[in-house]
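Each remark here refers to the structure printed beneath this line.
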Amino acid sequence: MSGILPRFKFQTHPLPLLTSSPSIYTTIPSPSVLGPAFRRALRMEWDGEVGMNSVPDGVVQHILSMLSNARDVAACACVCRRWRDCVPYLPALFFPRNAFDAAAAARGAADDVIGRMVASVARLRELVIYCPFSMARLPAWLAARSATLRVLELRMDAAADKVAEGGHLDCIGLASNLEVLRLWGVSLTAAPAWGRMERLRVLEVVGAPLRDSAVRDAIAACPNLTDLSLLGCDCSGTVAIDLQLLQRCRLDILGAGNCSLLLTAPRLESLEIQGFTWITLCGGHSLRRLSIAKSTGRVHKVDTGNLPDLDHLSLRGVQWDWAAVSSVLQCASEVKHLVMKIEFCGDLDALQPFPEVDLVDFFDSHPKLRKVEIHGAMFAALCQKNSLKNLNSRFLIPCLEEVLITVRSPLNAEQKLNTLESLVKYSVKLRTMVIRISQMKNCHEAADEFFEEICKFKYMNYRKVRIE
Amino acid sequence: MAPPATDAATTKQEQQHAAGGEGVEVGGDLRLVAECGTVVRLSRSAARMSTTLFDMIEAGCAEGGIPIKGADVGTLRLVAAYCEKHAPHYDPVASAARLRDPFPPFPIEFTPASYAVKPVTQLDPDPHGLEAWDRKFISDLPDNSALFNLIIVANLMAIEDLVDLGCTAVADKMRGKTPDEIRVALDIENDYTPEQEAEVRRENAWAFED
């Protein structure tokens with residue numbers, strides 16, 4: 001075998017095209033080693049400088065398409081004629097917040113520049129404007145690029161001339177082929193007259209006082225949405241959304257009022273809502289991720305229907321009706337990751353702790369739980385109604401790997417320690433348990449004793465348990 | 001045994017002999033021939049990444065040496081290294097969709113427990129370490145000339161991912177620079193007449209005169 005190598009190392013290829021000396025560098029670059037010797041080899045083998053000028057036009061176009069910041073585009077237009085000729089074919093323009101801070105006449109100059117650049121990029125697909133601009137100029141820009149524009153994102157609160165009514169938003173209907181629309185700081189008290197935006201797939205509206213009727217009408221204009229995000233909105237009454245293609249939805253409602261949500265979305269995969277008091281979801285059978293929160297006030301009723309595909313469930317709030325909590329937990333029997341951070345229960349205005357939740361029943365009815373975060377009232381409610389002796393010896397928590405518990409009060413110390421011990425004992429796959437002890441309410445001996453007990457528990461299970 | 005095809009990449013043959021495994025050429029690696037005649041081997045699975053080569057394999061004319069006009073050995077070897085590294089994880093549909101969108105959605109950060117509207121399954125962004133390897137691959141290139149050669153050859157061989165990688169690297173060298181700086185960095189000839197240049201600079205002065 002060794003006799004073969006030296007003979008062929010320096011032979012040249014028999015093809016007639018051969019010219020220069022064969023390479024004596026025989027190493028094939030292995031993926032992990034492009035070391036200095038190899039680089040020297042490369043330098044020796046090239047015969048000349050290859051510059052940008054020898055790159056074909058299509059590739060120059062491709063390179064310039066990767067720049068979207070308006071400043072970079074403008075700078076490139078000045079470099080050489082060939083580059084300036086590529087500008088009409090660029091796909092995107094992004095005007096960042098500080099694009100025009102330095103300009104002397106900021107407002108007027110900004111609008112002129114935006115107008116000129118939008119005009120020069122004939123096939124503009126994506127337009128993002130974060131800097132201040134005049135709403136009055138927007139219709140002209142959109143009309144000019146309506147055939148090709150697909151993505152539009154505007155910071156309306158930066159607009160120089162804010163109009164009280166939503167009428168100025170009607171011009172967005174001019175861009176009839178829009179697929180993605182994101183609006184920041186818009187005010188939508190009445191539904192905008194967009195006409196039917198058949199191609200709109202993604203709609204995000206952030207920080208606007210929305211009326212429910214406005215929401216309904218706006219969404220009726222976009223029947224093919226797959227992503228809907230209404231954040232920081234100021235709704236009251238009922239929000240009814242019916243979107244057959246919706247896959248991801250985020251709704252965040254401000255305000256102390258009681259708002260109700262009726263959501264019909266058979267293809268929904270991810271839902272995150274905050275601020276609703278009554279929630280009804282039709283068609284949650286594809287839902288994988290559900291997060292319900294209410295930072296002030298109460299959650300009265302949650303009706304989701306069965307959720308067989310749910311992986312991730314998060315329930316947060318100050319006060320939930322127990323019926324709402326238990327109905328969601330029952331529907332989410334396949335959940336793998338559970339976060340519960342609810343302070344209190346109670347049907348009326350009185351804040352009450354959770355009713356008792358049997359540990360065995362809970363983990364039996366959610367056998368696929370892998371990660372659990374329990375804060376507040378839920379942990380205090382976990383108990384073992386069956387005494388330890390009666391516990392079925394085949395009881396197991398099969399999949400649980402990570403647990404995070406927040407303990408606030410030393411009441412019922414023995415029950416809580418029992419729960420911790422049972423969790424460690426019956427979870428065959430447990431890797432970490434983190435116990436957060438925060439804001440102990442009672443500052444007397446009971447708290448100190450409790451803390452000592454927990455430390456003892458931790459030392460006995462030091463490999464898995466950690467205290468923060 | 002007939003003498004194996006002569007090529008400078010004999011260490012690969014050594015490995016094949018040593019492994020006592022596959023035969024030397026038939027049904028196995030493609031042989032790409034550079035301008036100077038040197039042959040660079042490329043396995044069939046890696047050649048899938050090049051649309052040109054893939055079509056040739058399908059059409060059955062990928063036997064024998066495949067001349068790559070205008071490509072020098074160093075660049076061909078780099079291209080081969082890239083293809084070999086990426087071949088096991090290559091997904092033609094995904095690569096067509098990825099990097100075509102210069103505007104990834106801007107994430108919206110809100111308190112307390114809000115996440116951007118993201119796909120439900122949070123995939124590991126770099127599961128095979130390919131992005132890190134790509135970064136090193138690009139940063140190991142000795143100079144701009146090498147980079148442009150790479151892009152030209154990848155373009156010739158229709159390897160979309162590698163063309164994108166190279167173009168992104170070039171675009172990164174341009175970001176945030178004034179026109180003069182770009183000309184210096186990429187060695188570009190200014191073909192404006194003085195009047196044209198003055199006019200275009202006036203129009204775009206806002207971008208680079210603070």
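Every chain is numbered from 1 and lettered A, B, ... according to where its sequence line falls, protein lines coming before strand lines. It should be emphasised that the depicted structure is a prediction, and the values quoted were computed from it without experimental measurement.
- The line from SG of B/C167 to CD of A/Q61 is 10.5 Å long, rounded to the nearest 0.5 Å.
- With a threshold of 4.5 angstrom between heavy atoms, A/V59 approaches chain B through its backbone and through its side chain.
- Atoms CD and CZ, on B/E189 and A/R81 in that order, are 9.5 Å from each other to the nearest 0.5 Å.
- Between B/V170 and A/M66, every side-chain heavy-atom pair lies at or beyond the 4.5 Å cut-off.
- Side-chain N or O atoms of A/R116 include one that pairs as donor or acceptor with a backbone N or O of B/E203 at under 3.5 Å.
- Here the CH2 atom belonging to B/W206 is positioned 6.5 Å from the CZ atom belonging to A/R71, to the nearest 0.5 angstrom.
- Both the backbone and the side chain of A/A77 come within contact range of chain B, each with at least one heavy atom under 4.5 Å from a heavy atom of that chain.
- With a 4.5 Å cut-off on non-hydrogen atoms, B/N155 touches chain A through its side chain but not through its backbone.
- Separating the CD1 atom in B/I151 from the NE2 atom in A/H62 is a distance of 9.0 Å, to the nearest 0.5 Å.
- Taking the side chain as every heavy atom from C-beta outward, B/I188 and A/R82 never approach each other to under 4.5 Å.
- Of all non-hydrogen atoms in B/P179 and A/A75, the two that sit nearest each other are CG-O, 3.4 Å.
- With a 4.5 Å cut-off on side-chain heavy atoms, B/N144 and A/M52 do not count as touching.
- Contact annotation for A/N53: only side-chain heavy atoms (C-beta onward) come within less than 4.5 Å of a heavy atom of chain B.
- Judged by distance alone, with hydrogens and angles left aside, the side-chain atoms of B/D191 form no donor-acceptor pair with the main-chain N or O of A/C80 at under 3.5 Å.
- B/R183 contributes a side-chain N or O that, together with a main-chain N or O of A/V79, makes up a donor-acceptor pair within less than 3.5 Å.
- Taking SG from A/C76 and CZ from B/R175, the interatomic distance works out to 9.5 Å, rounded to the nearest 0.5 Å.
- Separation of atoms CG (A/D72) and NZ (B/K177) is listed at 10.0 Å; rounding is to 0.5 Å.
- With a threshold of 4.5 angstrom between heavy atoms, B/I152 approaches chain A through side-chain atoms but not through N, CA, C or O.
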